[in-house]
S.K.: 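The following block contains the structure, expressed as C-alpha cells.
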Amino acid sequence: MTALFSPLSLRETTIPNRVMVSPMCQYSCEARDGVATDWHRTHLTSRAVGGAGLVMTEATAVEGRGRISPEDLGIWNDAQASALEPITEFVRDQGSVPGIQLAHAGRKASTSRPWAGHEPLGIDDGGWEVVGPSGDPWPYDDAAPPTRKLSRADIEDVVESFRDAAERALAAGFAVAEVHAAHGYLLHEFCSPVTNHREDEYGGDFDGRTRLTREVTAAVREVWPDDRPVFVRLSATDWLPDRESWTVDDSVRLADDLADVGADLIDVSGGGITPDSRPESAGPNYQLPYAERIRTESDADIAVGAVGGITTPEQADAIVANDRADLTIVGREHLRDPYFALHAAAALDATDEVEGPPQYRRAFGF
Ligand SMILES: Cc1cc2nc3c(=O)[nH]c(=O)nc-3n(C[C@H](O)[C@H](O)[C@H](O)COP(=O)(O)O)c2cc1C
C-alpha cells in the first residue's frame, strides 16, 4: 500500500489517508456574526470531495474577543455551531474526517481582514477589547489599541470558553478538535518568554508559561469523547535565536506534557510571535525537521503532523514512507488544488487505494 494512502488510526478514529487540509482563515463571515456561510461550506466540502483524509476548519474563535477580524468564523454560540453541522455531515459523507481548529487570537485580535489592509481596529472602528498575557500590544507600525493583561479570573474564563466551544463542536459533528497554540496567538503568547512577562503562576518558568495551554488542552480533552483525537498546533520555534524565546527543545518538552493531558497529535508549525519571527526561507518541507524532532525526541507516544511547503504527491508520500511524520498537512497547495489528494493518488499510481466520489470516477480512474 502507498504510504500516503494508508489509514491513520488515532484512538478509535480512522483517518482514511495521510492528507489533512491545513486550517486556513477565510475571513468570510458576515461581519461580526461568526456564522459559516456558503463560502465555508464550499471551501471545506470541496476539499473533502477532493479526497483529503481530514478537513480542518480555519481558526474558529472560542469567544468574540478571540477573533482576528470581524469576519472570522466563531463557535461561541449555538447558532454558529448549527451552521457548521451540515458541513461536517457532508464531509463525513465523502469518507473524510471533519476537524475544527479552536482558537483565540490574543493580542493579534481586532484587525481588518487582509484584503482590507489588516489594520488594527479600535473600538470606534468596529473593533473590540484586545487581551494578552501581558499589557504590551502587537508592535503595529502605527498606534494600536491597547492590550489588556488578562487577570486570573479572565484566564479561567478563557479555559471555559475553549471547553464550551469543544462541546458545541462535538454537537456540530466534528471528530477532531485542534487547539491552536501557534502563530503568536493567545496560547502561544503565554508559552513564549518574548510575550509573557507575568509573575504569577501563568508566567515565569516553562511550567508557568505553558500552564494555560496544558489547562486548555485538558479542558477540551475532558469534553471530547475518548474515541476521538485531540490535536494541538504549536509553533515549534519562535525563530528568534538572538533573544530568549520559544525553542524546539521547549516544544519537545511540551509535547510530552500535552500527551499527559490527553493530546494525540502535535501539528508542528512555526513562528508568528513577533513581526520578525519568520523562517529564513520557507522552501519545501521547511518545518518538517521540527516535526521529526518532536516525533523522535518526545518520550510520549504522540503522533506528529508536518506542515509547511508540502506541495507534491511524491514529497508528501516520502514524508510518511520514511517515518518522518504521521500526517502531512497541506495548506496553500489545497487552495490551488482542492483535489490534491485525488491528483496524488493518480500520480502515485494508487487510484485503487482511494474511494473517490463515483461522480468523478471517469476523470480519475479509481
Ligand atoms: C490563507 C491562509 C490562512 C491561514 N489561516 C490559518 C489558520 O486559521 N490557522 C492556522 O493555524 N494556520 C493558518 N495558516 C497557516 C497554514 O495553515 C499553514 O500552516 C501554512 O500556510 C504553511 O503551510 P503551506 O506551505 O502548506 O501553505 C493560514 C495560511 C494561509 C495561506
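The analysis underlying the following values was restricted to heavy atoms, covering all of them including side chains, and did not include hydrogens, waters or symmetry mates. Order of listing sets the numbers, starting from 1, for every ligand and every atom in it.
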S.K.: Hey, is ligand 1 close enough to G309 that some N/O pair sits below 3.5 Å?
M.R.: yes

S.K.: Mind checking whether E333 has a heavy atom under 4.0 Å from ligand 1?
M.R.: no

S.K.: Ligand 1 and Q101, any nitrogen or oxygen pair closer than 3.5 angstrom?
M.R.: yes

S.K.: Under 4.0 Å, heavy atoms only, figure out whether ligand 1 is touched by the backbone of H183, its side chain, both or neither.
M.R.: side chain

S.K.: Does L342 sit in a hydrophobic cluster with other residues, and if so which ones, taking ILVMFWY side chains as linked at heavy-atom separations under 4.5 Å, directly or through other members?
M.R.: L4, F5, V19, V49, F90, L288, I310, I319, V320, V330, Y339, F340, L348, V354, Y360, F364, F366

S.K.: Output the list of atoms in ligand 1 that are nearer than 4.0 Å to some heavy atom of H180, sorted by atom number.
M.R.: 9 (N), 10 (C), 11 (O)

S.K.: Tell me whether P23 has any N or O atom under 3.5 angstrom from an N or O of ligand 1.
M.R.: yes

S.K.: If you count the atoms of ligand 1 from 1 in the order shown, which ones are under 4.0 Å from a heavy atom of V307?
M.R.: 18 (C), 19 (O), 23 (O)

S.K.: Report the nearest protein non-hydrogen atom to atom 29 (C) of ligand 1: residue, atom name, distance rounded to 0.1 Å.
M.R.: M24 CG, 3.9 Å

S.K.: Students should be able to answer this: which protein heavy-atom is nearest to atom 10 (C) of ligand 1, and at what distance?
M.R.: R233 NH1, 3.4 Å

S.K.: Heavy-atom count around D226 CG within 6.0 Å, excluding the residue itself: above 12?
M.R.: no

S.K.: Say whether, by atom type as modelled, one donor and one acceptor occur between the side chain of S298 and the main chain of V252 under 3.5 angstrom.
M.R.: no

S.K.: Is there a heavy atom of A182 sitting under 4.0 angstrom from any atom of ligand 1?
M.R.: no

S.K.: Given the ring of W239, does R278 sit roughly above its face, with NZ or CZ under 6.0 Å from the centre of the six-membered ring and within 45° of the axis?
M.R.: no

S.K.: Could you tell me whether Y286 and ligand 1 have an N or O pair separated by under 3.5 Å?
M.R.: no

S.K.: Do the charged groups of E89 and R92 touch, with an N to O distance under 4.0 Å?
M.R.: no

S.K.: If we only count N/O pairs under 3.5 Å, is L335 in contact with ligand 1?
M.R.: no

S.K.: Roughly how far, to the nearest 0.5 Å, is the NZ atom of K108 from the OG1 atom of T147?
M.R.: 12.0 Å

S.K.: When you measure from atom 25 (O) of ligand 1 to each heavy atom in E58, M56, R332, which option holds the nearest one?
M.R.: R332

S.K.: Can you sort out which atoms of ligand 1 are near G308, meaning under 4.0 Å from one of its heavy atoms?
M.R.: 22 (C), 23 (O), 25 (O)

S.K.: For atom 1 (C) of ligand 1, what is the closest protein heavy atom, and at what distance to 0.1 Å?
M.R.: C25 O, 4.0 Å

S.K.: So, is I310 polar-close to ligand 1, with some N/O to N/O distance under 3.5 Å?
M.R.: no

S.K.: Is the closest basic N to carboxylate O distance between D72 and R67 below 4.0 Å?
M.R.: no

S.K.: Assess whether a salt bridge exists between E201 and R211, defined as any Lys/Arg side-chain N lying under 4.0 Å from an Asp/Glu carboxylate O.
M.R.: no

S.K.: Can you see whether H104 engages E63 through a side-chain donor-acceptor pair at a distance of less than 3.5 angstrom?
M.R.: yes

S.K.: Can you confirm whether something in the protein, heavy atoms only, sits under 4.0 Å from atom 4 (C) of ligand 1?
M.R.: yes

S.K.: Could you say whether the N/O atoms of G331 and ligand 1 ever approach to under 3.5 Å?
M.R.: yes

S.K.: Check R221 with D264, please: is the shortest side-chain N to carboxylate O separation under 4.0 Å?
M.R.: yes

S.K.: Looking at D249 and R293, is any side-chain nitrogen of the basic one under 4.0 Å from a carboxylate oxygen of the acidic one?
M.R.: yes

S.K.: Side chains of S28 and H40: do they bring a donor and an acceptor to under 3.5 Å?
M.R.: no

S.K.: As an exercise, identify every atom of ligand 1 less than 4.0 angstrom from a heavy atom of S22.
M.R.: 16 (C), 17 (O), 18 (C), 19 (O)

